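What follows is a set of notes on a single structure, which appears directly below.
Lettering follows sequence order; numbering is per chain, from 1. No experiment lies behind these values; they were computed from the predicted model shown. No hydrogens, no waters, no symmetry mates; every other heavy atom, side chains included, goes into these values.
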Amino acid sequence: MSQTADQPNAEQGTGDVPPHRYTPALAQRIELAWQDRWEREGTFHTPNPVGPLSEGFERVADRPKYFVMDMFPYPSGAGLHVGHPLGYLGTDVTSRFRRMDGDNVLHPMAYDAFGLPAEQYAVQTGQHPRVTTEANIAAIKAQLRRLGVDHDERRSFATIDPTYYKWTQWIFLQIFGSWFDERAGRARRIEELVAELDAGTREPGSGTNPFGRPWAELDEVEKRTVVDAHRLAYLHQAPVNWCPGLGTVLSNEEVTADGRSERGNFPVFRRPLTQWMMRITAYSERLLADLDRLDWSDSLKQMQRNWIGRSAGARIGFSVGDEVIEVFTTRPDTLFGATYMVLAPEHPLVEALTADAWPDGTDPRWTGGAATPREAVAEYQRQASRRSELDRQNEAREKTGVWLGVNAVNPVNGRELPVFIADYVLTGYGTGAIMAVPGEDTRDFEFAEKFGLPVIRTVQPPEDFEGGAYTGAGPMINSANDEISLNGLGKAEAIGRITEWLVARGAGEATVTYKLRDWLFSRQRYWGEPFPIVYDEHDLPVAVPQSMLPVLLPEVDDYSPKTFEDDDAESAPEPPLSRATDWTTVELDLGDGPKKYRRETNTMPNWAGSCWYYLRYVDPDDDERMVNPENERYWLGPRGEGDVGGVDLYVGGVEHAVLHLLYARFWHKVLFDLGYVSSEEPFRRLVNQGYISAYAYTDERGFYVPAAEVEERDGQFFHDGKPVNREYGKIGKSLKNMVTPDEMIGQYGADTFRVYEMSTGPLDQSRPWETKAVVGSQRLLQRVWRVVVDEETGGVRAADDMEPSEETLRALHRTIAGVRDGFGTLRFNIAIARITELTNHLTSAYGADRPVPRSVAEPLVLMVAPLAPHIAEEMWARLGHAESLAWTPFPVADERWLVEDTVQVAVQVNGKVRAQVTVPADADAGALEAAARADERIAGYLDGATVRRVVAVPGRLVNFVLG
RNA sequence: GCCCCCGUAGCCCAACCGGCAGAGGCAGGCCCCUUAAAAGGGUCCGAGUGUGGGUUCGAAUCCCACCGGGGGCACCA
């Protein structure tokens, strides 16, 4: 039954190595043979309940389902290093273990393939991005296959496949075709909105009707404009992140804190442009609240919470003439301390509020040196728009701003508050306007100092306070008018009281705001999904009907975007698709006869394809639907009341904490609201695998030397005989410490590589790579091999007619329990340690001359299988089994051999261990104490002393507390 | 500045709900096999858990402070 031609190790030559030792060469033969057989037999095909992939489902119908997957790779041209497979191997071990243990396991893999790097690489090489991308996918597929992973190949796809992006476009249309009903707290179809507006049971949402007439009096085009403003995918003119160096706009999530592009590190500028947006903010509360229902790490949840950035506070209106400035504040209690106001430079009221002339005696610091407020404002706005995010968010920067020449009125005391614009107030957060309270806010204090504005303290600072803004706790002061006094109150109480007062006066309300902004969804790139949108004669967007999907990406001569000098803030984006002129205009019949339409020429961002790929795994070939609902319910549906459903285990890098994971959760919730999926969340459980780093070495000049050539002697490191410095960092070419899986597989085989990677720690833990330690894993597999196979003859050593000793049985069942624990908790290192112990026990108990009982050898092989599947399959076959072990039940520990008849318990005196006694395992506290007292040494301690208390924990210990 | 996570042997890591700090690997010492070698076999060595307090009969584990490392957020009102 052996999968290898049962040839001895011919390559060893000298004859010193036993002919049937598990050498790297033998490992290679075994691995390649089994990879072929798995493919040939479809060993890892996973049946669906219904549909084209349902063949064989009856075999697994009574099994629980388990859906495990990795964050799919983006196949770049650069090769893999040993850090990359860690997560893939973690899911593979889990998948193989759960299949053996009786689950119907879905473990698929696809490829993320649209996006900037592929396009940039294509531009460099002059090849079409599809060509380079498909070559990269083929390369990575081959590498994964060589690692021996058990993906169901039939469910593999790439996001660039038209059969896939057809449904990405379809989902876009569902989002475009819906709106968020605040009252219901969920998305609904846009037709239902129109019906309610027509029926008069609903008014257009605030800010959606610019026409100043009620819905019923609007014409058709005006009505469409109002409806479009409600959609979850909508066109919006607003300042966006424009990156001239990349030639595209970017989402907030793609811009780093210092105002540069996450990819390429180019400066990013704020520019007002009309772009597609996704109304993710409508889901802020649900995205935040449902984090509590997910099995994710605290740190990851924390990152999402930070990004969503909920803050509770109040909205307060300040009158300026006929206008009202709305501000958001988390400290309404400090309202009496407001001494001026600030609007963001882009605030819509700036135009209307700005005075014609400076009043007499205007402080020259307030005018920006301009002759009139209008000039000052225009100049300041111009400067602000040119400033990159980097400049603007630089905290150390001096506060700047100009006065509008008008004053607002503080509703609490009628005080006149000069109104400024300043770029330290951001357009997109809160209302884009603040009340400035320099006494209790550091930023406001800085501004007030520079502009000579008064400071009123409303919180009593402590005695030793040194000045500046006091942001700490303290009793309220200076906060009273004829109707209300906050003086003496603490912060929480003061907030409650003043909010109540504002609400009663109609001047404010309690509210919540979020840092999360809507998702900028347009990119000026070639290599992405085209929008299924055309524009009609009114320049309004119209959905391309489902029957016309996919909207195929057209061939163009030049797929590179127009890029600009990195710092050219005045430049404007120009999508490559706009140059495909025979594609951009199209004649379609969308219901009212053939008409000319103009196509949307932006493409979707890279994140679109990765937002829903987990759904497609479930039903990869369905051309009628995104996913068959019955299969979705089976693989992703909730497992009980209140369960969110979703993928059972999702493993990937922490770098996607706020991008991919937030976007995917948002899309999923929309699809849930519209009834397309039964699960509320896409990923029930998520684990971030650790990083693998490696040592790197620098010589005395500080240059990196090849890490592979460094020798260690007595804790010192040498290269070419000269001492070098050891550092620790990312694996890669720049640190000259690159190690590839291909090298390791070539040197040891995939199984050894797998065992080594899994043995270095729990999956979520980062760890160092140490090539020299890999040999430990190889030794383990060699010892396991020796338990089953005679190295001299190649014959099977397991003995059928032998019963294992009680000691061996105890060792076996302890191992089974430990291995199950390790696999179940992603602590593969523990499982490997238990297997090592058992193997060592068998080696020493049975030695070279006595065979190991089959009833022990077989479970050992099965336990090794998830970690080192090829060698395990080979041993299983040699043990006489015709079928792959992939579907063989995983060993179950027998309780009988786990409980000891007698246990050793520690005896403590005053908490210090003084003796050990052996007692029956079921000895109760009294028996324990008696046994302990009977011990000579303990008797010595107790002699003449007063025992104040005895703590006896059955099975654990006895502690005598002496008085 | 705010928030989160982590500090156990020379190194990587174990220790379930507080109960004898050690399972496993690497490195190191010794022995066996070998003419010799090693990616073979065996065996031995090793820290009192970052520091200081507290709770407890008992703390690596719980609490507080500090030190060190990693990460996230940050002109977010």
Side-chain angles (χ1 to χ4, degrees), chain A residues 16-18 21 23-24 257 297-307 309 311 313 327-331 334 342 392-397 399 422-426 428-437 441-444 446-447 471 513-515 517 654 657-658 695 712 714-715 747-748 752 755-756 759-762 765-770 772-780 782-783 786 791 818 821 825 827 829-837 840 843-844 847-848 904-916 948-951 953 955-962:
Chain A
D16 290 316
V17 173
R21 173 158 293 171
T23 60
S297 72
D298 287 342
S299 61
L300 201 68
K301 289 184 181 181
Q302 186 68 25
M303 281 186 240
Q304 292 223 338
R305 286 193 191 104
N306 279 343
W307 192 262
S311 21
V327 307
F328 172 73
T329 176
T330 55
R331 295 294 304 274
T334 63
V342 186
R392 193 160 163 174
Q393 300 204 350
N394 182 354
E395 233 172 307
R397 225 183 98 233
K399 293 280 180 290
D423 64 6
Y424 82 93
V425 171
L426 309 174
Y429 185 74
T431 61
I434 62 160
M435 65 175 201
V437 186
D441 184 283
T442 317
R443 298 151 302 183
D444 296 344
E446 283 170 20
F447 189 91
T471 55
T513 58
Y514 302 88
K515 249 170 63 184
R517 323 275 176 86
V654 72
V658 285
Y695 292 109
E712 183 179 356
D714 307 324
Q747 216 171 323
Y748 295 102
T752 295
V755 170
Y756 171 71
S759 72
T760 46
Q765 194 150 2
S766 290
R767 72 226 37 208
W769 175 266
E770 267 194 287
K772 63 178 185 180
V774 179
V775 67
S777 301
Q778 193 196 22
R779 284 179 189 150
L780 171 63
Q782 283 178 330
R783 266 178 279 154
R786 225 171 356 247
E791 287 192 328
D821 179 37
T825 55
R827 294 179 300 167
N829 53 324
I830 295 177
I832 293 169
R834 295 291 93 82
I835 289 171
T836 308
E837 283 172 321
N840 290 350
T843 303
S844 61
Q904 277 216 328
V905 297
V907 184
Q908 297 179 337
V909 178
N910 287 334
K912 294 212 163 49
V913 179
R914 298 300 187 189
Q916 305 276 338
R948 200 156 52 89
R949 188 172 163 188
V950 179
V951 183
V953 184
R956 296 281 194 187
L957 56 44
V958 186
N959 187 13
F960 293 98
V961 184
L962 305 185

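Comparing B:rG72, B:rA77, B:rC75 against the side chain of A:Tyr424 picks out B:rC75 as the nearest. Distance from the side chain of A:Pro24 is smallest for B:rA39 among the nucleotides B:rG25, B:rC73, B:rA39. In the set B:rG72, B:rA27, B:rA77, the nucleotide with an atom closest to the side chain of A:Lys772 is B:rA27. Here B:rA77 is the nucleotide among B:rC75, B:rA77, B:rA74 with the atom lying nearest to any side-chain atom of A:Thr329. Picking from B:rG41, B:rG24, B:rG72 the nucleotide with the shortest atom distance to the side chain of A:Thr843 gives B:rG41. Listed nucleotides: B:rC4, B:rG24, B:rG25. Nearest to the side chain of A:Arg783: B:rG25.
As a whole-Å value, the separation of A:Asn840 CG from B:rG40 C1' is 14 Å. Distance A:Tyr748 OH to B:rA38 P: 15 Å, rounded to the nearest Å. Spacing between atom OH of A:Tyr756 and atom P of B:rC13 amounts to 10 Å, rounded to whole angstrom units. Following rounding to the nearest Å, A:Ile832 (CD1) and B:rC26 (C1') show an atom-to-atom distance of 14 Å. Counting to the nearest Å, the P atom of B:rG72 and the CH2 atom of A:Trp307 are 12 Å from each other. Straight-line distance from the CZ atom of A:Arg779 to the P atom of B:rA39: 7 Å, rounded to whole Å. Put simply, CZ on A:Arg786 is 11 Å from C1' on B:rA39, counting in whole angstrom units.
Look at the P atom in both B:rC66 and B:rA60: the space between them is 22 Å, to the nearest Å. B:rG25 and B:rU56 have their P atoms separated by 42 Å, given to the nearest Å. Spacing of P atoms, B:rC73 relative to B:rG54, comes out at 39 Å, to the nearest Å. Atom C1' of B:rC13 sits at a distance of 44 Å from the matching atom of B:rC75, rounded to the whole Å. Comparing the C1' positions of B:rC6 and B:rG42 gives a spacing of 38 Å, expressed to the nearest Å. Of the P atoms belonging to B:rG7 and B:rA14, the separation is 9 Å, rounded to the nearest Å. Across the C1' atoms, B:rG50 and B:rU8 are found 10 Å apart, a figure rounded to whole Å. Atom C1' of B:rA15 sits at a distance of 41 Å from the matching atom of B:rU34, rounded to the whole Å.
With sequence neighbours excluded, no residue forms a salt bridge (Lys or Arg N to Asp or Glu O under 4.0 Å) with A:Arg783. Every residue two or more places apart in sequence or in another chain that forms a side-chain contact (heavy atoms from CB on, under 4.5 Å) with A:Gln778 is listed here: A:Pro24, A:Tyr748, A:Thr752, A:Val775, A:Gln782. Shown here are the salt bridge (Lys or Arg N to Asp or Glu O under 4.0 Å) partners of A:Arg331, two or more places apart in sequence or in another chain: A:Asp333. Partners of A:Ala833 under the side-chain contact (heavy atoms from CB on, under 4.5 Å) rule, at least two apart in sequence or in another chain, do not exist in this structure.
One finds no side-chain N or O of A:Gln302 lying less than 4.0 angstrom from the OP1 or OP2 phosphate oxygen of B:rG71. Listed pair A:Ser311 / B:rA77 meets the phosphate criterion, a side-chain N or O lying under 4.0 Å from OP1 or OP2. Between B:rC3 and A:Gln304, no contact under 4.0 Å exists linking OP1 or OP2 to a side-chain N or O.
Nucleotide B:rU51 is matched to B:rA65 when pairs are restricted to Watson-Crick or G-U wobble geometry with both distances under 3.5 angstrom. Summarising the base pairing, B:rG18 is matched to no nucleotide, lacking a Watson-Crick or G-U wobble pair whose two defining distances lie under 3.5 Å. Nucleotide B:rA37: unpaired (no Watson-Crick or G-U wobble partner with both distances less than 3.5 Å). Nucleotide B:rC30 is matched to B:rG42 when pairs are restricted to Watson-Crick or G-U wobble geometry with both distances under 3.5 angstrom. Shown here, B:rC73 forms a base pair with B:rG1; the pair counts as Watson-Crick or G-U wobble because both key distances fall under 3.5 Å.
Residue side chain A:Lys399 reaches the base of B:rC75 through a donor-acceptor N/O pair under 3.5 Å, judged by distance alone.
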List, with names and distances, any nitrogen or oxygen atoms from the protein found under 3.5 Å away from nitrogen or oxygen atoms belonging to nucleotides 56-62 of chain B.
from: B:rC57; atom 1: OP1; to: A:Arg949; atom 2: NH1; distance (Å): 3.0
from: B:rC57; atom 1: O2'; to: A:Asn959; atom 2: ND2; distance (Å): 3.3
from: B:rC57; atom 1: O2; to: A:Asn959; atom 2: ND2; distance (Å): 2.5

Output a table of nitrogen or oxygen pairs between the protein and nucleotides 15-17 of chain B separated by less than 3.5 Å.
from: B:rA15; atom 1: OP1; to: A:Arg827; atom 2: NH1; distance (Å): 2.4
from: B:rC16; atom 1: N4; to: A:Arg956; atom 2: NH1; distance (Å): 2.4
from: B:rC16; atom 1: N4; to: A:Arg956; atom 2: NH2; distance (Å): 2.8

Exercise for review: Carefully, step by step, assess A:Thr23 and A:Arg21 under the rule side chain to side chain donor-acceptor pair (under 3.5 Å).
Suggested key: CA-CA 6 Å; A:Thr23 60; A:Arg21 173 158 293 171; over 6 Å; no
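A:Trp769 and A:Tyr756 have perpendicular rings, their planes meeting at more than 60° on a 0 to 90° scale where under 30° would count as parallel.
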